[in-house]
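Report on one structure; see the data block that follows.
Just so it is clear, the structure is predicted and the values come from calculations on it, not from any experiment. Reminder, nothing fancy here: chain letters follow the sequence lines and each chain counts from 1.
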Amino acid sequence: MGGRPLGRGFYARRPDEVARDLIGKLLVRLYGGARLSGIIVEAEAYFGPEDPASRARHRGGSLARAMEWEPGRALVYGIHRQWLLNVVAHPPSGVGAVLIRALEPREGLEVMARNRGLPPGSDPRLLTSGPGRLTRALAVDKAIHGAPLTGGGPLWVEETGLRPAVCRCPRVGVTRDLEEPQRYVARGSKFVTAWRGCRCP
DNA sequence: CGCCAGATTGACT
DNA sequence: GTCAATCTGGCGG
């Protein structure tokens, strides 16, 4: 099962395709010699300036520029005193990113609980269900900003062979969204954030 | 340099 | 359900 980081080619596509295909993959964080990991069960696609919810509409801003980086780099975005983990994803000379919103934890649950300030043996859903929660569980912060996920770093994504059914919902927390829903969730997962309006049984 | 909105969370009415 | 905490980047003065 898996083992090697997904290469740049995986990320060098439209962010909506990358978001959809990230569902069911394994996000791995090397932390203090230990592997922390979880299956990605929820992700959102963000596009260029035409996307009213995307930071890319602030042309010339540091986040807008980061969304033009080569595909496969981590883009860490601070908001509401949390860090949010994105992956730069776009076709050649494009702009875009995918927000990782929730994981089903697999490895290193005790360390994740400690990072989250929770007692060992806590409900695993509390560890990584939510974009701010999973960054704390995996100790992802500004130091990861710009790191390639394509190998050699402390963070990457692996193939799993899992092919969960994926459904789409409106993005969470955005005031102006696109017509097409851009939030992708693993159907039936108990680890998806329970936000209003998304029925995905 | 100060003000403010925002891809959130968790504690409380 | 409501709401404040508390931080970064964008933008105006």
Can you measure [X] atom [atom1] to [N] atom [atom2] for me and round it to whole angstrom units?
X	N	atom1	atom2	answer
A:I100	B:dT8	CD1	C1'	17 Å
A:R81	B:dA5	CZ	P	18 Å
A:H80	C:dA5	NE2	C1'	10 Å
A:L134	B:dT9	CG	P	8 Å
A:L126	B:dT8	CG	P	18 Å
A:H145	C:dC7	NE2	P	19 Å
A:N86	C:dG9	CG	P	13 Å
A:D141	C:dT8	CG	P	11 Å

Nearest-nucleotide pick for [X], side chain only, options being [options]:
X	options	result
A:W83	C:dG9, B:dT8, C:dT8	C:dT8
A:H58	C:dG9, C:dC7, C:dC11	C:dC11
A:P131	C:dT8, C:dG10, B:dT8	B:dT8
A:K142	C:dA5, C:dT8, B:dT8	C:dT8
A:Q82	B:dG10, C:dA5, B:dT9	B:dT9
A:I79	C:dT8, B:dT8, C:dA5	B:dT8

Inset, instruction - Only counting residues at least two apart or in another chain, list the ones meeting side-chain contact (heavy atoms from CB on, under 4.5 Å) with A:L178. - result: A:F47, A:D51, A:P52, A:R171, A:Q182
Inset, instruction - Give a yes or no on whether a salt bridge exists between A:D16 and A:R168, defined as a side-chain N under 4.0 angstrom from a carboxylate O. - result: no
Legend entry - Ion pair A:R4/A:E158, N-O distance below 4.0 Å: no
Legend entry - A:R57 side chain vs A:S54 backbone, donor-acceptor pair below 3.5 Å: yes
Legend entry - Polar side-chain atom of A:E44 near backbone of A:R101 as donor-acceptor pair, under 3.5 Å: no
Legend entry - Residues that A:R116 engages under side chain to side chain donor-acceptor pair (under 3.5 Å), provided they are two or more places apart: none
Inset, instruction - Output all residues satisfying side chain to side chain donor-acceptor pair (under 3.5 Å) with A:Y77, sequence neighbours left out; order by chain, then residue number. - result: A:R55
Legend entry - Interface residues of residues 64-72 of chain A with DNA chain B (non-hydrogen, below 4.0 angstrom): none
Legend entry - Strand DNA chain C in bracket notation, Watson-Crick/G-U under 3.5 Å with | for pairs to another chain: |||||.||||||.
Inset, instruction - Using the side chain to side chain donor-acceptor pair (under 3.5 Å) rule, pick out the option among A:R29, A:E107, A:E104 that qualifies with A:S37. - result: A:E107
Legend entry - Distance below 4.0 Å between A:R133 side-chain N/O and B:dG10 OP1 or OP2: yes
Legend entry - A:V157 side chain reached by A:Y11 side chain, heavy atoms, under 4.5 Å: yes
Hey, can you pull the donor-acceptor pairs under 3.5 Å for the side chains in residues 141-150 of chain A, sequence neighbours left out?
{"from": "A:D141", "atom 1": "OD1", "to": "A:A143", "atom 2": "N", "distance (Å)": "2.9"}
{"from": "A:H145", "atom 1": "ND1", "to": "A:V76", "atom 2": "N", "distance (Å)": "2.9"}
{"from": "A:H145", "atom 1": "ND1", "to": "A:V76", "atom 2": "O", "distance (Å)": "3.4"}

Inset, instruction - For A:R136, report the nucleic acid contact type (base, sugar-phosphate, nothing); a contact means any heavy atom under 4.0 Å. - result: sugar-phosphate
Inset, instruction - Please work out if A:R57 contacts a base, only the sugar-phosphate, or nothing of the nucleic acid, heavy-atom cut-off 4.0 Å. - result: nothing
